[in-house]
Amino acid sequence: MTAKIAYDDVEVGAELPARTFPVTRATLVQYAGASGDFNPIHWNEKFAVEVGLPDVIAHGMFTMAEAIRVVTDWAGDPGAVVEYGVRFTKPVVVPNDDKGATIEVSGKVAAKLDDNTVRVDLTAMSAGQKVLGMSRAAVRLA
């Protein structure tokens, strides 16, 4: 596959379609099974509180993976992402209720680089707080 977005059609400042991703305790259990990360801060409320967290929190890599979906959906090809990095700034707290939490992600083209590549800056929020900082992806376009 190749990216479906043409480099020449993209302008700096262009906004990517924003997405909201739900996160429940069941989501965390599924991710733990897939990733092999069974740290109790991601499923055991008592343990999470004992170590100073407000409640169970989502895996950082899960949060990072959900955020990049905004870019891969926009580009039309996950392989178009040639570089991706974030700083974890706040945890995504996932209460044990029927709603869970949400991660709201938006992005914009911040720079046009060489070799049909653009830099996309992402903003990821949960409960009104920025949960990822310096979230940037380099994306090779068509």
Side-chain angles (χ1 to χ4, degrees), residues 1-45 47-49 51-142:
M1 290 181 69
T2 59
K4 295 181 177 163
I5 305 291
Y7 178 82
D8 292 336
D9 293 340
V10 174
E11 299 294 330
V12 171
E15 294 188 13
L16 282 61
R19 299 253 333 251
T20 298
F21 302 99
V23 187
T24 64
R25 295 283 178 96
T27 308
L28 300 182
V29 170
Q30 291 168 336
Y31 182 82
S35 69
D37 181 352
F38 294 100
N39 187 323
I41 64 172
H42 303 303
W43 57 269
N44 184 318
E45 186 174 333
F47 183 86
V49 170
V51 299
L53 295 168
D55 205 334
V56 165
I57 63 170
H59 303 73
M61 295 303 287
F62 171 81
T63 304
M64 188 177 176
E66 291 292 77
I68 197 64
R69 289 175 61 191
V70 167
V71 176
T72 59
D73 289 352
W74 170 74
D77 177 13
V81 176
V82 295
E83 187 176 328
Y84 178 46
V86 306
R87 289 191 182 164
F88 301 105
T89 56
K90 297 277 185 189
V92 175
V93 178
V94 183
N96 190 20
D97 59 18
D98 59 348
K99 292 190 255 181
T102 57
I103 304 168
E104 299 91 23
V105 183
S106 60
K108 70 177 182 176
V109 176
K112 291 184 89 168
L113 310 171
D114 296 331
D115 197 25
N116 283 11
T117 303
V118 297
R119 189 186 89 215
V120 175
D121 291 353
L122 296 168
T123 300
M125 306 283 291
S126 184
Q129 296 188 317
K130 195 172 185 180
V131 295
L132 298 177
M134 299 294 291
S135 184
R136 297 179 172 168
V139 186
R140 184 163 293 118
L141 301 178

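Heads up: numbering here begins at 1 and tracks the sequence. Here the structure is a predicted model, which means the values were calculated and not measured.
Between the side chain of Thr89 and the backbone N or O of Lys130 there is at least one donor-acceptor pair closer than 3.5 Å. Under the 3.5 Å distance criterion, the side-chain polar atoms of Thr102 are left unmatched by any main-chain donor or acceptor of Pro22. Put simply, the side chain of His59 gets close to the backbone of Asp37: a donor and an acceptor are under 3.5 Å apart.
Considering Val109, Asp8, Val118, Thr117 as possible partners of Leu141, the one that fulfils the side chain to side chain contact (heavy atoms under 4.5 Å, CB included) test is Val118. Residue Arg140 is tested with Thr2, Asn116, Asp115 for a side chain to side chain donor-acceptor pair (under 3.5 Å); the sole match is Asp115.
Between Ala67 and Tyr84, the shortest heavy-atom distance links the atoms CB-OH, 3.6 Å. Across all their heavy atoms, Pro17 and Val70 have their closest contact at O-CG1, 3.5 Å. Minimum heavy-atom separation, Pro78 to Thr72: CA-CG2, 3.7 Å. Between Val94 and Gly100 the shortest heavy-atom distance is CG1-CA, 4.3 Å. Counting all heavy atoms, side chain and backbone alike, Ala110 lies closest to Val12 at O-CG1, 3.5 Å. The two residues Val92 and Ser126 make their nearest non-hydrogen contact at CG1-OG, 3.7 Å.
Separation of atoms CH2 (Trp74) and CG (Leu16) is listed at 5.0 Å; rounding is to 0.5 Å. Here CD1 of Ile103 is found 11.5 Å from CZ of Arg19. Values are rounded to the nearest 0.5 Å. Taken from CD in Glu66 to CG in Leu122, the straight-line distance is 12.5 Å, to the nearest 0.5 Å. Taking CD1 of Ile57 as the start and OG1 of Thr63 as the end, the distance is 8.5 Å to the nearest 0.5 Å. Here the CD-CG distance, from Glu45 to Leu53, works out to 11.0 Å after rounding to the nearest 0.5 Å. To the nearest 0.5 angstrom, Arg87 atom CZ is 9.0 Å from Arg136 atom CZ.
Note: Phe62 and Tyr31 have perpendicular aromatic rings, judged against thresholds of 30 and 60 degrees for the angle between ring planes.
Listed by chain and number, the residues in a side chain to side chain contact (heavy atoms under 4.5 Å, CB included) with Ala111 are Leu113, Arg119 (sequence neighbours excluded).
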Practice problem: Take Leu132 and Phe88 through the test side chain to side chain contact (heavy atoms under 4.5 Å, CB included) and record every step on the way to the result. | Solution: CA-CA 5 Å; Leu132 298 177; Phe88 301 105; 3.6 Å; yes

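The 12-atom threshold is exceeded at NZ of Lys112, counting heavy atoms of other residues, nucleotides or ligands nearer than 6.0 Å.
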